[in-house]
Protein chains: 2
Amino acid sequence: MKTVTMKDVAEHANVSKSTVSQYLNKRFDYMGEKTKERIEKAIEELGYQPNIIARSLKQKSTSTIGVIVANILHAFSTQVIRAIEDHCHESDFHIIVCNADDNPEKEKKYIEMLLAKQVDGLIIFPTGGNVELYKRLLKANYPIVFLDRMVEGVNIPSIMLDNEKASSLAVAHFIEMGYERIGMITTSTSLNVVTRIERVNGFKKTLNANQLPMTEDYIKSLEVKEIQNSLENMLKQAHPPQALLAGNDLVLMEILKFVKAHSIRIPTDLAIIGIDDVGFAELYNPALTTVAQPTYEMGKQAAELILLKIQGKNEMDDLNRFEPTLIKRESC
Amino acid sequence: MKTVTMKDVAEHANVSKSTVSQYLNKRFDYMGEKTKERIEKAIEELGYQPNIIARSLKQKSTSTIGVIVANILHAFSTQVIRAIEDHCHESDFHIIVCNADDNPEKEKKYIEMLLAKQVDGLIIFPTGGNVELYKRLLKANYPIVFLDRMVEGVNIPSIMLDNEKASSLAVAHFIEMGYERIGMITTSTSLNVVTRIERVNGFKKTLNANQLPMTEDYIKSLEVKEIQNSLENMLKQAHPPQALLAGNDLVLMEILKFVKAHSIRIPTDLAIIGIDDVGFAELYNPALTTVAQPTYEMGKQAAELILLKIQGKNEMDDLNRFEPTLIKRESC
DNA sequence: TTGTACGCGTTATCAG
DNA sequence: CTGATAACGCGTACAA
């Protein structure tokens with residue numbers, strides 16, 4: 001690859017490097033017309049492209065932000081990433097996306113790597129497993145924003161769903177439709193993920209508030225691969241749940257897989273609501289009732305916030321909750 | 001952000017910068033034990049992180065490759081990206097993903113930007129609209145690989161599906177199941193995308209080979225937003241198609257949307273096959289028959305190839321076709 | 001075994 | 001209006 005530098009342009013145009021640099025940075029307040037033209041021509045002829053790496057080194061800024069998602073398999077992650085990217089693009093920032101796979105060590109590795117790459121800021125869906133590291137970044141006043149989850153004891157601005165309300169909306173709708181034996185399945189057993197905890201709490205609270213029985217057997221936190229078995233056991237009992245809340249899109253898929261394999265009719269045999277609005281929800285037979293997160297807004301706010309922080313401004317409260325929306329369709 | 005450099009470490013450990021550099025690059029063939037320990041300690045205490053930007057500038061290599069997809073909305077794109085990322089990760093390479101949105105100007109802008117960022121190579125789902133630029137890169141011997149599509153007259157290695165065969169498999173299955181009036185819908189009208197053309201060609205050829213009537217009215221290339229209307233017109237005719245091939249996942253979604261809105265029964269009223277295997281295909285009622293691309297393999301090969309090229313090796317033919325697979329389910 | 005000096009491509013400062 | 005010159009942080013001959 002021919003690598004033509006500023007020096008080449010300078011020589012070609014018979015000026016010095018600094019003059020070329022000024023031209024490139026639009027500082028031609030005092031630049032001669034003919035000099036300008038000569039440089040322009042030289043750039044054109046040589047096909048010169050500035051080396052952003054060198055510029056970054058000098059300016060100590062890469063116009064790049066790092067995004068670390070806990071689990072890229074969730075539709076929510078990709079939707080939010082898109083929103084972040086859209087918004088960053090407007091400010092000529094780029095993003096590097098990494099997938100921590102719900103693994104704190106991977107997350108740590110990525111954080112260190114992105115810092116080494118001199119990204120100007122970080123948006124993280126935290127696994128929660130690197131508290132010391134989070135704190136260090138915060139203390140260093142490094143621009144960082146949490147998304148989807150917060151971490152107890154770490155004062156980093158967090159953009160989150162009102163998770164309790166999400167479950168609450170779902171359960172209230174189940175009740176409204178006449179269901180009484182209501183269950184819930186979530187993922188992420190091993191990790192202490194606040195999202196899951198809050199959703200389960202909202203679920204239990206709403207059940208209690210309506211004096212409905214709460215069977216622990218019908219509230220499961222499982223690895224994805226355990227879900228089929230667990231459903232089998234849950235539904236073959238004497239009084240199986242009539243309605244099931246899927247804690248996220250991955251759980252929803254598993255439930256639908258089970259439903260299909262066992263010819264269960266929805267909502268006659270089993271009513272279903274899923275948290276996270278997936279693309280096929282409205283196409284499915286029957287169309288799926290879901291609780292949607294305002295993904296675009298959340299991503300946008302994360303991007304706005306990180307860009308503000310990078311500029312040294314800092315105007316947000318530490319926690320910002322977004323409202324979920326119940327989208328009533330046919331599965332409940 | 002505290003920015004601790006090699007110099008700080010060197011001072012802290014009472015050695016020179018180069019000794020620290022050697023330590024970092026594991027060249028301690030001739031390094032004193034105690035020196036090693038002092039450096040280690042200094043790095044630990046100061047929390048030193050090497051500045052990759054500076055290193056890249058010196059080494060003229062960023063361990064980063066750029067990926068430009070034509071349209072990120074296709075499930076195929078995200079699946080392939082994941083495969084690429086997986087594979088690059090093994091070689092400690094990072095990827096920067098950009099979405100050209102089927103817009104050649106955006107594509108051009110991204111190519112230039114990624115070059116300016118000194119990425120070591122480029123994997124592109126080409127829009128086909130920047131032939132001169134492609135040629136320039138090729139001539140400069142810059143590491144580049146095309147994916148999903150090829151560009152006529154540009155000798156860049158291309159990793160593609162055997163698109164004719166994909167349609168062919170679908171049509172053959174339609175015929176085997178007794179359907180005779182068969183239609184097809186694709187997207188990307190404006191652009192001269194080879195993928196679309198090849199799929200339509202395969203469709204027509206197979207129809208011809210089986211002496212079936214080929215109604216041009218039943219072969220449509222449309223913008224996504226036009227599909228609903230077009231389906232309306234197509235299906236209200238006297239002898240509407242009994243079977244429909246969706247040229248990609250976006251078309252499939254539109255067809256399913258229409259089907260649901262008009263209570264059309266699948267496959268009784270209309271048989272459907274989609275090219276691209278989407279996640280919900282097996283969950284859907286009825287489960288959707290699809291033609292799957294070997295997305296993981298394709299992404300993996302793209303990554304392998306670009307990494308080889310970056311190392312100066314170059315061992316692949318210019319065009320590599322992958323075999324599609326018909327996955328028979330219930331929609332046909 | 002360790003230190004010195006220079007180069008990578010750019011920008012900033014300050015003379016001229 | 002333009003051009004030296006010195007950083008930026010790191011890698012690497014070459015010297016010591």
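To find a chain, count down the sequence lines: A is the first, B the second, and so on, and within it residues start at 1.
Contact annotation for Lys17(B): base contact, defined as any heavy-atom pair under 4.0 Å involving a base atom. Counting any heavy atom pair closer than 4.0 Å across all strands shown, Met6(A) reaches a base atom.
Here the two rings, on His74(A) and Phe125(A), have centers that are 6.0 Å apart or farther.
Ring geometry for Phe146(B) versus Tyr134(B): interplanar angle over 60°, hence perpendicular rather than tilted (30 to 60°).
Between Asn320(A) and Gln301(A), some side-chain heavy-atom pair lies under the 4.5 Å cut-off.
Between the CG atom of Asn51(B) and the P atom of dA7(D) there is a distance of 18 Å, given to the nearest Å. One atom, CG of Leu115(B), and another, P of dG9(C), lie 16 Å apart when rounded to the nearest Å. Going from atom NZ of Lys117(A) over to atom C1' of dG9(D) covers 16 Å, rounded to whole Å. Rounded to whole Å, the distance from CD1 on Ile53(B) to P on dT10(C) is 14 Å. Distance Lys34(A) NZ to dT2(D) C1': 12 Å, rounded to the nearest Å. Between Ile52(A) atom CD1 and dT11(C) atom P the separation is 10 Å, expressed in whole Å. dC8(C) atom C1' lies 5 Å from atom NZ of Lys58(B), rounded to whole Å. Atom NZ in Lys36(B) sits roughly 15 Å away from atom C1' in dT2(C) (whole-Å rounding).
When the side-chain nitrogen and oxygen atoms of Ser56(B) are compared with OP1 and OP2 of dC10(D), none of them lie within a distance under 4.0 Å. Not one side-chain nitrogen or oxygen of Lys7(B) sits closer than 4.0 Å to the OP1 or OP2 atom of dC8(D). Checking the phosphate oxygens (OP1, OP2) of dG11(D), a side-chain nitrogen or oxygen of Ser21(B) falls inside 4.0 Å. A close approach under 4.0 Å does not occur between any side-chain nitrogen or oxygen of Tyr23(B) and OP1 or OP2 of dT1(C). Contact between the side-chain N/O atoms of Asn25(A) and the OP1/OP2 oxygens of dT11(C) is found at a separation under 4.0 Å.
Nearest nucleotide to the Thr19(A) side chain, out of dT2(D), dC8(C), dT10(C): dT2(D). Side chain of Tyr48(A), nearest nucleotide from dT2(D), dT12(D), dT10(C): dT10(C). Here dG9(C) is the nucleotide among dC10(D), dG9(C), dT2(C) with the atom lying nearest to any side-chain atom of Lys60(B). Nearest to the side chain of Leu57(B), among dG3(D), dG9(C), dT10(C), sits dG9(C).
Between the side chain of Ser18(B) and the base of dT4(C), a donor-acceptor pair under 3.5 Å is found.
Both Ser16(B) and Arg55(A) lie close to DNA chain C; mapped to their nearest nucleotides by heavy-atom distance, the more 5′-ward contact belongs to Ser16(B).
The neighbour count for Lys108(A) NZ, taken as heavy atoms of other residues, nucleotides or ligands under 6.0 Å away, does not exceed 12.
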request  = Take Thr19(B) and Ser16(B), measure what side-chain hydrogen bond (donor to acceptor under 3.5 Å, both in side chains) needs, and give me the verdict at the end.
outcome  = CA-CA 5 Å; Thr19(B) 311; Ser16(B) 76; 3.3 Å; yes
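No side-chain donor-acceptor contact under 3.5 Å links Lys117(B) and Ser56(A).
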